[in-house]
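Report on one structure; see the data block that follows.
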Amino acid sequence: MKSRVLYISLLSFWCSSLLFAQINKRVNVWYFGYNAGLNFNTGTPTPLTDGALSIWEGCATICDENGNLLFYTDGRSIWNKNHLIMPNATNLGGDNSSSQSGIIVPQPENPNRYFVFSVDAEGGSGGVQYAVVDITLNGGLGGLVSKNNRLLSRASEKLTAVRHCNNKDFWVIAHELDNNSFRAYLVTRNGLNSVSVESKVGSIHSGYGAVGYMKASPNGQNIALGIYSNASFEVFRFDNQNGIISNPIVLNHPDFLYAYGLEFSPDSKLLYVSGTQNYPSQIFQLDISGNSSISILQSKLTIGRAPSSYFGALQLGPDNKIYVAIDGYKYLGIISNPNTKGINSQFTANGINLGGKLSGLGLPNLITSYFNVPLAVTMNTTKGNSCNDLTLSASVTSNTSNLIFQWFLDNKPITGANQASFKPALSGSYLVSVKESGQCINDSTKSSSTNIFILKANPQIVNTTCGSVQLKANANSILKWSGSGIPANKEMQDTLTVSGTGTQVFKVQVFNPMDNNCFIEKEITVNFSNASNYSFGKSTITACDTITLAAPTNSNWNSYVWSLPDGTTVNSNRILAKQSGQYTITVKNNTSSCEAKDNVILIIGKTPTIKPDESFCLSTSSITIDAGATGNNLIYEWTLGSVKNASINVNTAGKYYVKAISPEGCSASRNIEVFLKPNLDLGNDITVCEGQIVELKSILNNTMANLSMVNRRNNLIHKTK
């Protein structure tokens with residue numbers, strides 16, 4: 001970047017949560033600016049002053065897996081760990097004034113080979129090129145295998161790298177000049193695939209729009225960049241499986257003049273942006289979880305201003321702090337709590353002294369994925385107010401908030417146990433699995449197992465004899481009984497027999513085998529005077545009028561006494577009961593004086609009184625017939641079904657059945673038969689002489705019937721048989 005005017009373009013993404021573990025040590029040594037450097041290997045960064053690099057803007061460094069420096073570059077030349085230029089490692093295509101003039105990407109599964117990418121300034125003829133370094137050459141100091149391998153002829157100054165979702169390969173992302181094309185190149189174990197994935201999305205980069213940084217989020221799901229001449233930043237969705245960039249969110253604001261530096265928070269939820277070459281230079285915090293330009297701009301908050309000069313690059317460090325370049329300044333600024341919203345993110349301009357060296361605009365261009373941590377889960381156990389009040393909780397390192405939990409007991413999934421915490425109710429071996437949903441890799445893991453012991457005891461009387469009872473603790477661990485008469489050699493038995501008189505309380509303590517100070521205690525009360533169990537067999541009986549109650553007998557008892565509801569007693573195991581109420585049977589062993597009791601509630605119902613069967617003649621069109629029953633609150637059932645009254649009206653001959661039922665279910669019934677009235681026809685009147693024989697024929701409804709004939713003096717003169 002030469003001298004220019006600057007705007008802000010922000011990049012937004014849907015973010016996820018992240019907990020931190022050990023950051024990859026490949027990013028532990030930095031060289032940048034005017035012979036400045038930092039060493040993060042001791043935990044707290046310390047300044048380095050032995051660097052040979054002296055540059056205003058872009059640079060990059062790389063260490064081995066143990067944090068030992070391998071080499072560094074300004075995009076034009078490469079210096080080895082002894083700060084000497086590697087043989088022939090010059091004129092690589094970068095520029096002193098290119099925002100991100102270089103970046104170093106290791107070849108997967110090849111610890112000795114590295115790709116050094118470079119980009120020229122402002123669309124210069126150098127374009128995007130790469131060189132290949134073999135670190136084993138020159139006695140382990142490294143040397144070039146090839147250089148000036150061109151990928152793009154003209155490009156903006158934006159160059160970044162991010163892991164493929166398989167967590168092995170890398171995407172190297174550049175942007176063409178004078179159009180809106182992103183180019184994503186894949187580096188695998190087989191080397192660099194020069195056929196790129198092209199995404200035409202977002203603003204056209206031209207002129208000074210080529211200036212400004214481009215960064216990937218630590219979780220690899222978003223890309224953000226600054227467009228110097230547009231006063232804007234842009235945020236995109238990045239698919240780190242197929243290399244496609246999409247969903248642009250454009251953030252324009254007057255405060256984003258000369259948009260240049262930017263960096264994601266370690267948890268990928270916040271974006272920090274800054275302008276450059278403008279006074280006063282400011283750093284803004286943006287919450288990009290809203291996923292829209294309006295909501296993101298509404299969250300804009302100034303968290304820091306340059307004390308003098310102006311801000312340059314922002315770069316996440318191995319300590320999860322963001323370091324800020326201040327041009328020509330002897331310090332780097334620091335954002336100490338970048339995951340925290342608001343001013344509590346804590347920006348300090350004089351964050352770390354550079355040991356007398358000066359910062360330029362640039363900081364090392366690093367693979368942001370190195371600041372992400374692989375999915376991991378650990379399980380913690382918290383004890384509440386009692387030994388059994390345990391809570392298991394999963395502590396997760398993840399790059400997404402879309403987590404699926406599953407708890408297991410003895411390697412079997414627990415139905416419905418899908419939250420980050422779980423309260424165990426059973427003893428066994430517990431573990432939790434967690435999976436990041438929506439990811440393209442098999443990003444699931446399980447915690448180590450933890451043995452949980454839930455103490456249990458359910459003391460019961462399991463057997464009784466006169467004067468003694470058998471107790472069972474039903475415990476699942478080491479136990480100890482306490483109470484009168486328990487021998488010391490039996491107090492740790494789950495089942496034991498105790499003797500005594502009156503009422504006594506026995507206690508059992510159950511201990512956690514892994515913590516003897518942790519135990520539960522249960523107690524049981526024993527009444528030795530009623531130590532023998534006896535059961536009549538039923539608690540309630542319903543009968544009509546009377547019932548014989550017979551108490552079960554066995555050889556344990558030789559005395560049976562019934563106590564009746566009226567207060568009288570009967571010395572027998574069998575009685576004829578005639579009244580409702582509670583009956584108590586007391587059984588005794590007259591030899592041992594052992595006694596037991598049981599009760600039964602008897603409900604006696606009275607059977608209704610009902611008339612005998614009857615018959616009636618249907619002499620009119622209808623007659624009323626009555627059930628003929630007496631009793632209280634009776635219910636009636638007639639053969640007519642739906643009729644429930646004490647009487648019914650009938651208009652047809654036939655047989656009718658009625659049942660009267662008391663509230664207790666006692667019943668009486670009878671039959672009522674209804675006949676039709678006979679209709680007799682002797683024919684027409686006739687006149688006869690005395691002594692003349694006349695045959696009279698009767699017609700009676702075509703029905704068989706007895707017929708009697710009388711004269712006018714009412715004397716019977718004929719009767720049919």
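Smallest separation of non-hydrogen atoms from Thr160 and Met214: CB-O, 3.4 Å. Taking every heavy atom of both residues into account, Pro106 and Val187 meet most closely at O-CG1, 4.2 Å. When all heavy atoms of Leu270 and Pro338 are compared, the closest pair comes out as CD1-O, 3.4 Å. Across every non-hydrogen atom of Tyr534 and Ala596, the tightest pair is CB-CB, 3.7 Å. The minimum heavy-atom distance linking Leu455 with Cys387 is given by the pair CD1-CB, 4.3 Å. Across Ile454 and Pro424, no two heavy atoms sit closer than the pair CD1-O, 3.6 Å.
With hydrogens and angles disregarded, a donor-acceptor distance shorter than 3.5 Å links the side chain of Gln406 to the backbone of Ile414. Side chain of Gln285 to backbone of Thr340: a donor-acceptor contact under 3.5 angstrom is found. Judged by distance alone, the side chain of Thr42 and the main-chain N or O of Thr44 form a donor-acceptor pair under 3.5 Å. No donor-acceptor pair closer than 3.5 Å links the side chain of Arg163 to the backbone N or O of Phe170. Under the 3.5 Å distance criterion, the side-chain polar atoms of Gln419 are left unmatched by any main-chain donor or acceptor of Ser421. Under the 3.5 Å distance criterion, the side-chain polar atoms of Thr302 are left unmatched by any main-chain donor or acceptor of Gly304. A donor-acceptor pair is defined here as one N or O able to donate and one able to accept, closer than 3.5 Å; no such pair exists between the side chain of Asn337 and the backbone of Gln346. At distances below 3.5 Å, at least one donor-acceptor pair connects side-chain atoms of Asn339 with backbone N or O atoms of Asp267. Under the 3.5 Å distance criterion, the side-chain polar atoms of Asn476 are matched with a main-chain donor or acceptor of Lys456. Side-chain atoms of Trp30 do not come within 3.5 Å of backbone N or O of Thr61 as any donor-acceptor pair.
Heavy-atom neighbours of Ile343 CD1 from other residues, nucleotides or ligands within 6.0 Å: at or below the threshold of 12. Lys480 NZ: 12 or fewer foreign heavy atoms inside a 6.0 Å radius. Within 6.0 Å of the CG atom in Asn411, the count of heavy atoms belonging to other residues, nucleotides or ligands does not exceed 12.
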Exercise for review: Using the side chain to side chain contact (heavy atoms under 4.5 Å, CB included) rule, take Leu496 and Ile486 through it: C-alpha gap first, then chi angles, then the decisive distance, then the call.
Suggested key: CA-CA 8 Å; Leu496 77 163; Ile486 298 178; 3.6 Å; yes
Between Val29 and Lys81, is a side chain to side chain contact (heavy atoms under 4.5 Å, CB included) present by the stated rule, with each step listed? CA-CA 11 Å; Val29 176; Lys81 63 182 179 182; over 6 Å; no
Practice item. May I have the step-by-step check of side chain to side chain contact (heavy atoms under 4.5 Å, CB included) for Glu65 and Lys25, ending in yes or no? Key: CA-CA 6 Å; Glu65 297 288 352; Lys25 292 184 178 182; over 6 Å; no
Exercise. Please test Leu332 against Leu363 for side chain to side chain contact (heavy atoms under 4.5 Å, CB included), starting from the C-alpha separation and ending with a verdict.
Key: CA-CA 10 Å; Leu332 290 184; Leu363 289 174; 4.0 Å; yes
Walk me through whether Asn39 and Asn41 qualify under side chain to side chain donor-acceptor pair (under 3.5 Å). CA-CA 6 Å; Asn39 185 349; Asn41 280 308; 3.1 Å; yes
#### Entry: Asn388 vs Ser386, side chain to side chain donor-acceptor pair (under 3.5 Å): CA-CA, chis, key distance, verdict
CA-CA 5 Å; Asn388 285 347; Ser386 67; over 6 Å; no
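Shown here are the side-chain hydrogen bond (donor to acceptor under 3.5 Å, both in side chains) partners of Asp389, two or more places apart in sequence or in another chain: Lys423.
Between the CD atom in Glu263 and the CD1 atom in Ile283 there is a gap of 11.5 Å [rounded to 0.5 Å]. The OH atom of Tyr583 sits 10.5 Å away from atom CD1 of Ile541, with the distance rounded to the nearest 0.5 Å. Interatomic distance, CG of Leu366 versus CD1 of Ile62, reported as 8.0 Å (0.5 Å rounding). A distance of 6.0 Å separates CD1 of Ile245 from CZ of Phe238, quoted to the nearest 0.5 Å. Between the CZ atom of Phe264 and the CG atom of Leu271 there is a distance of 5.0 Å, given to the nearest 0.5 Å. Going from atom OG of Ser299 over to atom CG of Asp287 covers 5.0 Å, rounded to the nearest 0.5 Å.
For the pair Ile404 and Asn418, the minimum side-chain heavy-atom distance is 4.5 Å or more. Residues Thr378 and Ser447 have side chains not in contact (no heavy-atom distance under 4.5 Å, counting atoms from C-beta outward). Counting heavy atoms from C-beta outward, Cys63 and Asn68 have side chains that stay 4.5 Å or more apart. Annotation: side chain of Asp239 is not in contact with side chain of Ser246 (no heavy-atom distance under 4.5 Å). Residues Thr381 and Tyr430 are not in side-chain contact: their nearest non-hydrogen atoms beyond the backbone lie 4.5 Å or more apart. The side-chain heavy atoms of Trp481 and Leu479, taken from C-beta on, include a pair separated by under 4.5 Å. When side chains are defined from C-beta on, Val469 counts as touching Val498, because their heavy atoms get closer than 4.5 Å. Using a 4.5 Å heavy-atom cutoff, the side chains of Ile461 and Leu471 are in contact.
Note on ring orientation: taking the six-membered ring where Trp is involved, the planes of Phe536 and Trp562 are perpendicular (angle over 60°, cut-offs 30° and 60°).
No option in Leu564, Leu602, Ile601, Val600 other than Ile601 meets the side chain to side chain contact (heavy atoms under 4.5 Å, CB included) test with Gln582. Of the options Val162, Asn242, Ile367, a side chain to side chain contact (heavy atoms under 4.5 Å, CB included) to Trp171 is made by Val162 and by none of the others.
Within the structure, salt bridge (charged side-chain N to carboxylate O under 4.0 Å, His left out) pairs that include any residue of residues 489-509 comprise Lys472-Asp494 (at least two apart or interchain).
Aromatic ring centroids of Phe347 and Tyr272 lie 6.0 Å or more apart.
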